[in-house]
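Here the structure comes first, spelled out in structure tokens, and everything after it is commentary.
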Amino acid sequence: MAENGKAQVNSLNAEKVKHIAHLARIGLSGEEVEKFFGQLDSLITSMEILNEVNTDNVAATTQVTGLKNVMREDAILKNVQADDLLECSTLPKINHQISVKAVIQE
Amino acid sequence: MLYNLTLTEAAEGIRTKKFKPSDLTHAIFERIEVLNPQLNAYVNLNKEGAFEAAQEADIRAEKGQLRSLLDGIPAGLKDIFNTKGIATTCCSNILKDFIPPYDATVVTKLKEAGLVLTGKLNMDEFACGSSTEHSSFGVTKNPWDLERVAGGSSGGSAAAVAADMAFYSLGTDTGGSIRQPASLCNVTALKVTYGRVSRSGVTSLASSWDTIGPMAKNIKDLAQVLQVIAGNDLLDSTTSSLPIPDYSKTLGQSIKGLKIGVPKEYFIPDLDPEMERIIRNALKEYEKLGAEIKEVSLPYTKYALAVYYIAMPAELSANLARYDGIRFGLKPDGEIKELIDQYYLTRDQGFGDEIKRRILLGTYVLSAGYYDAFYLKAQKVRTLIIQDFENAFKNVDVLMAPVSPFPAFKVGEKKDDPLAMYLADVFTLPVSAAGVPALSIPCGFTKNKLPVGLQIIGPQFSEDLLLKVAYAYEQTTDWTKQKPVF
């Protein structure tokens with residue numbers, strides 16, 4: 001596990017790549033897992049340069065122009081019809097709804 | 001030839017009734033017919049729609065009722081901008097048949113100004129790349145050397161303007177994707193301050209980095225396009241409410257006394273020596289114009305690559321989670337027994353290798369046990385990079401640096417080496433991290449006749465200053481008037 005905010009020594013392996021692919025819902029073949037493992041391995045190692053930087057007492061940036069709590073009226077600004085949006089799906093439509101495989105299995 | 005004109009000249013010709021918008025549109029489509037098979041800048045043409053819009057503009061021109069300087073002017077859009085009724089694919093297999101039911105905000109603004117949309121322009125898939133080699137529709141060739149890339153990810157947008165196949169175009173810049181192809185193709189282009197232009201209806205790559213920007217034949221043209229697209233948008237909560245200045249007002253003003261900072265961290269051994277010489281010549285021109293050049297230091301520059309390639313894939317993986325084939329996207333081959341198969345197959349078949357690589361990287365750095373060490377760390381170092389720029393701008397007005405460490409490289413040279421490709425953006429990434437604006441302006445050619453771009457960087461929301469500074473240099477040189485020969 002990571003300690004003291006230091007990026008740990010690269011501990012990526014093919015099993016982890018398989019797990020990450022599942023998290024990302026991408027179906028990779030065994031060959032692809034090996035290929036991406038090799039590429040990701042060297043990329044991640046090169047990212048460890050950030051360990052050189054002391055970031056104690058440095059706040060993380062998430063918004064670069066200082067915006068905060070941007071609000072607007074809860075009014076429809078763009079009149080896009082539901083059926084036009086449904087048209088974009090290649091799945092069958094039933095009663096203005098997209099029909100999908102069961103989410104919860106029996 | 002009409003296609004040779006700048007936007008400003010074309011607009012003047014329409015206004016004074018020397019020619020009509022349809023005449024311009026004819027000329028552009030003839031040019032596209034000849035050159036696009038060689039360059040592959042356009043992935044989709046809108047000939048019928050363009051002529052319809054041009055004919056409507058003809059009537060307005062006849063009646064003296066032109067809506068703007070952009071009225072009746074043919075232009076192309078990177079295939080990442082939603083265009084109602086016209087396929088918008090992000091040059092990805094997963095969206096190859098996607099037809100948006102609405103326009104992006106900037107498209108609406110341009111249409112209201114009288115846009116004649118020629119077509120959609122090639123890009124690296126989901127804007128991930130620096131060469132347009134990761135497009136699902138083939139690479140875009142560099143108009144200056146057909147064996148080389150046009151850069152990326154807005155390669156098509158740059159090539160189209162460079163080869164006079166559009167009077168201007170729009171691109172997107174997340175880590176350099178407007179500036180880098182512009183510099184490789186001898187085009188003038190602008191990465192705006194984060195939030196200066198609305199991203200509503202434009203596919204997101206990395207939500208805290210993405211910007212929209214214009215690409216044109218010269219500074220005057222660039223200012224005209226920016227004037228139309230900039231502004232607050234209630235549909236994009238990351239846009240600024242700051243007023244839009246008149247971007248053309250300061251063009252031609254003296255830059256005597258301008259303080260230019262030259263960051264030493266951008267002049268490193270990785271920078272091609274010939275390019276360095278050309279960049280330093282441009283700086284000498286600025287001295288002749290009365291500017292004061294001083295060396296500055298942005299010490300966290302070298303960490304920008306790592307910051308970007310942790311934070312950007314993380315944000316990308318979140319933004320691309322929606323491409324699961326349910327509401328839009330590919331119908332995959334193969335049997336779908338359960339919901340998980342739908343996701344696995346769609347995303348495996350729909351995404352190219354570079355996208356998969358970045359999604360995997362992003363998912364990894366955000367995953368339990370790694371978030372603090374990678375993503376949070378990167379966002380903290382990003383703060384330090386931002387402070388580099390803030391500190392520099394206390395003492396200088398603008399910074400000047402190269403855009404790219406090398407001129408246009410050969411097709412295939414870097415495609416299979418991700419890290420080599422990522423290094424193309426070392427000088428553009430820190431700017432993106434800070435959300436500040438930067439212009440790329442042509443400043444010379446290598447001995448192989450490959451274009452070189454000068455990067456002019458300013459504080460947030462200083463686009464008018466950048467345009468003024470670039471214009472002054474442009475008027476003393478003729479780089480932007482150079483055209484590729486076919």
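In what follows, every chain begins at residue 1, and chains take the letters A, B, ... in the order their sequences are listed.
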Problem - Verdict with supporting geometry, A:Thr61 and B:Ile385, side chain to side chain contact (heavy atoms under 4.5 Å, CB included) - result: CA-CA 10 Å; A:Thr61 291; B:Ile385 294 171; over 6 Å; no
Problem - Under 3.5 Å: donor-acceptor pair, side chain of A:Lys78, backbone of B:Asp103 - result: yes
Fill in the blank from the handout: If one checks every heavy atom of B:Ser237 against chain A at 4.5 Å, the contacting part turns out to be both
Practice task
Answer with side chain, backbone, both or neither: which region of B:Tyr102 has an atom nearer than 4.5 Å to a non-hydrogen atom of chain A?
Solution key: side chain
Handout entry: Donor-acceptor contact present, side-chain B:Thr383 to main-chain A:Ala59, <3.5 Å
Key = yes
Problem - Proximal component of B:Lys84, with respect to chain A [non-hydrogen, under 4.5 Å] - result: neither
Handout entry: Contact class of A:Asn79 relative to chain B, heavy atoms under 4.5 angstrom
Key = neither
Completion exercise
In terms of heavy-atom contacts, A:Thr90 and B:Gly325 come closest through OG1-O, 4.4 Å
Problem - SB check B:Asp341 A:Lys101 (cutoff 4.0 Å) - result: no
Handout entry: Which atoms of A:Leu85 approach chain B - backbone, side chain, both or neither, heavy atom under 4.5 Å
Key = both
Problem - Interatomic spacing from CD1 in A:Ile26 to CZ in B:Phe351 - rounded to 0.5 Å - result: 6.0 Å
Fill in the blank from the handout: Looking only at B:Leu376, B:Ile336, B:Asp97, the option with the highest number of non-hydrogen pairs under 4.5 Å against chain A is B:Ile336
Handout entry: Side-chain donor or acceptor of B:Lys377 paired with backbone N/O of A:Val53 under 3.5 Å
Key = yes
Exercise for the section: Report yes or no: does B:Gln460 contribute a side-chain atom to a donor-acceptor pair with the main-chain N or O of A:Val64 at less than 3.5 Å? Expected result: yes
Handout entry: B:Leu419 vs A:Ser42 side-chain heavy atoms within contact, under 4.5 Å
Key = no
Completion exercise
When the 4.5 angstrom heavy-atom criterion is applied to B:Ser432 and chain A, the contacting part is neither
Problem - Proximity breakdown for B:Thr193 and chain A, heavy-atom pairs closer than 4.5 Å - result: side chain
Practice task
Find the distance between NZ (B:Lys380) and CG (A:Asn57) and round it off to the nearest 0.5 Å.
Solution key: 8.5 Å
Practice task
Name the region of A:Val103, side chain, backbone, both or neither, that has any atom closer than 4.5 Å to a heavy atom of chain B.
Solution key: both
Exercise for the section: Measure distances from B:Phe461 to the heavy atoms of chain A and classify the residue's part below 4.5 Å as side chain, backbone, both or neither. Expected result: side chain
Handout entry: Heavy-atom contact with chain A under 4.5 Å, split by part of B:Tyr194
Key = both
Problem - Check: A:Thr62 and B:Gln379 side chains under 4.5 Å, non-hydrogen atoms - result: yes
Problem - Shortest non-hydrogen contact from B:Ser367 toward A:Leu23 - result: CB-CD1, 4.5 Å
Problem - Residue, of A:Gln81, A:Glu73, A:His22, A:Gln63, that accumulates the most heavy atom pairs under 4.5 Å with chain B - result: A:His22
Fill in the blank from the handout: With chain A, the option among B:Val436, B:Val381, B:Ile359 that has the most non-hydrogen atom pairs under 4.5 Å is B:Val381
Practice task
Check whether any side-chain heavy atom of B:Ile326 lies under 4.5 Å from a side-chain heavy atom of A:Leu91, and answer yes or no.
Solution key: yes
Handout entry: More than 12 heavy atoms from other groups under 6.0 Å of CZ on B:Phe328
Key = yes
Fill in the blank from the handout: Heavy atoms of B:Leu360 and A:Leu28 approach each other most closely as CD1-CD1, 4.0 Å
Problem - Crowding at NZ, B:Lys111 (>12 non-hydrogen neighbours, <6.0 Å) - result: yes
Handout entry: Part of B:Asp353 within contact of chain A (heavy atom distance under 4.5 Å)
Key = both
Completion exercise
In terms of heavy-atom pairs under 4.5 Å with chain B, the winner among A:Gly27, A:Ala102, A:Ala24 is A:Gly27
Handout entry: Chi angles and distances behind the side chain to side chain contact (heavy atoms under 4.5 Å, CB included) call for A:Met47, B:Val365
Key = CA-CA 11 Å; A:Met47 303 309 164; B:Val365 304; over 6 Å; no
Practice task
Under 4.5 Å heavy-atom distance to chain A, tell me which part of B:Ala433 shows up: side chain, backbone, both or neither.
Solution key: backbone
Exercise for the section: With rounding to the nearest 0.5 Å, note down the distance linking CD in A:Glu52 to OH in B:Tyr303. Expected result: 4.0 Å
Practice task
Evaluate the side chain to side chain contact (heavy atoms under 4.5 Å, CB included) criterion for residues B:Tyr309 and A:Leu43: first the C-alpha distance (whole Å), next the side-chain angles of each, then the deciding distance (0.1 Å), finally the verdict.
Solution key: CA-CA 9 Å; B:Tyr309 279 101; A:Leu43 283 171; over 6 Å; no
Handout entry: Close side-chain approach of B:Lys356 to A:Lys35, heavy-atom, < 4.5 Å
Key = no
Handout entry: Atom group of A:Ile49 that falls short of 4.5 Å from chain B, counting heavy atoms
Key = both
Completion exercise
Exactly one of B:Thr346, B:Asp324, B:Ile340 clears side chain to side chain contact (heavy atoms under 4.5 Å, CB included) with A:Arg25, and that residue is B:Ile340
Completion exercise
Turns out that what part of B:Ile99 lies under 4.5 Å from chain A's heavy atoms comes down to backbone
Practice task
For B:Ile310 and A:Leu50, work out which heavy atoms get closest and say how close.
Solution key: CD1-CD1, 3.7 Å
